[in-house]
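Below is one structure, written out as structure tokens; the observations come after it.
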Amino acid sequence: MRITALVAVGFYILLRVVDRFAANYNSFPGKFDGGMDEDISRLKTTAVSLLSDLGCNGSTLTEDLINEMCGFGAAFIGGIVAQEVIKLITKQFIPMSGTFIFNGIDHKSQLLSL
């Protein structure tokens with residue numbers, strides 16, 4: 001259970017990194033196939049910067065997490081966001097309350113209440 005929580009925290013930090021990436025580069029990582037290597041490099045740099053700002057100097061995210069977000073992860077999260085927006089607009093279903101974390105490497109998801 002503890003390992004699962006640590007992985008979920010890694011994905012949460014990665015989502016914060018992606019948010020900063022989008023603010024810095026006006027695009028999301030992995031959006032264009034041609035620039036995948038460049039996006040991975042930029043995402044790593046952004047991750048180190050965010051972790052440093054959080055007081056975790058010398059820490060980094062795993063290669064698997066970074067690569068997951070530049071590939072499949074961004075599209076999957078975009079789909080989840082669209083689903084939640086539809087719930088809010090139609091008021092037919094209850095939206096998620098908390099932070100949704102999907103681990104595409106292990107095919108597991110978790111909802112964190114922060």
Side-chain angles (χ1 to χ4, degrees):
M1 176 85 173
R2 183 156 173 78
I3 293 173
T4 302
L6 289 175
V7 171
V9 168
F11 272 100
Y12 172 73
I13 291 171
L14 184 60
L15 290 174
R16 302 261 320 258
V17 170
V18 168
D19 187 47
R20 184 176 284 191
F21 181 99
N24 291 344
Y25 300 107
N26 295 320
S27 120
F28 288 96
K31 187 173 179 181
F32 303 107
D33 289 335
M36 188 73 75
D37 291 336
E38 183 179 350
D39 281 354
I40 288 172
S41 176
R42 286 178 172 179
L43 198 60
K44 286 179 185 176
T45 303
T46 306
V48 169
S49 172
L50 178 71
L51 287 167
S52 178
D53 290 352
L54 294 173
C56 301
N57 296 332
S59 298
T60 187
L61 297 173
T62 66
E63 291 286 325
D64 287 344
L65 286 176
I66 299 283
N67 292 333
E68 179 67 24
M69 186 53 70
C70 282
F72 170 75
F76 183 83
I77 290 173
I80 296 294
V81 169
Q83 176 180 324
E84 293 305 303
V85 168
I86 290 170
K87 287 179 186 178
L88 288 170
I89 292 171
T90 63
K91 298 180 184 176
Q92 292 182 356
F93 301 98
I94 299 170
M96 287 186 238
S97 60
T99 301
F100 177 76
I101 304 293
F102 177 73
N103 179 346
I105 298 165
D106 295 329
H107 309 298
K108 295 179 181 175
S109 64
Q110 187 172 2
L111 189 63
L112 301 176
S113 297
L114 303 175

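- Other residues, nucleotides and ligands place more than 12 heavy atoms under 6.0 Å from the CG atom of Leu88.
- Note on Phe11 and Leu51: same hydrophobic cluster, where clusters join Ile, Leu, Val, Met, Phe, Trp and Tyr whose side-chain heavy atoms are under 4.5 Å apart, directly or indirectly.
- Linking ILVMFWY residues whenever their side-chain heavy atoms come closer than 4.5 Å, directly or via other members, places Leu15 and Leu50 in the same cluster.
- Here the closest heavy-atom approach between residue Gly10 and residue Leu61 is recorded as O-CD2, 4.0 Å.
- Counting all heavy atoms, side chain and backbone alike, Val17 lies closest to Leu43 at CG1-CD1, 3.6 Å.
- One finds the OG atom of Ser97 at 9.5 Å from the CD atom of Glu84 (value rounded to the nearest 0.5 Å).
- Heavy atoms only, all atoms of each residue included: Tyr25 and Thr46 are closest at CE1-OG1, 4.0 Å.
- Looking at every heavy atom in both residues, Tyr12 comes nearest to Thr99 through CD1-CG2, 3.8 Å.
- Looking at heavy atoms from C-beta onward, Ile40 lies in side-chain contact with Lys44 at the 4.5 angstrom threshold.
- Taking all atoms of both residues into account, the shortest heavy-atom contact from Asn57 to Ser52 is OD1-OG, 3.0 Å.
- Put simply, Leu111 and Ile80 are part of the same group of oily side chains (I, L, V, M, F, W, Y) that touch within less than 4.5 Å, one to the next.
- Legend: salt bridge (Lys or Arg N to Asp or Glu O under 4.0 Å) pairs involving residues 10-27, not counting sequence neighbours, sorted by first then second residue: Arg20-Asp53.
- Taking both residues in full, the closest heavy atoms of Phe28 and Phe21 are given as C-CE2, 3.7 Å, listed atom of the first, atom of the second, then distance.
- Leu65 CG to Ile13 CD1: the interatomic distance, rounded to the nearest 0.5 Å, is 9.5 Å.
- No side-chain heavy atom of Arg42 sits less than 4.5 Å from a side-chain heavy atom of Asn24.
- Using modelled atom types, one side-chain atom of Thr45 and one backbone atom of Ser41 make a donor-acceptor pair closer than 3.5 Å.
- Cluster membership check: Val81 does not share its hydrophobic cluster with Ile86, using side-chain heavy-atom separations under 4.5 Å among Ile, Leu, Val, Met, Phe, Trp and Tyr.
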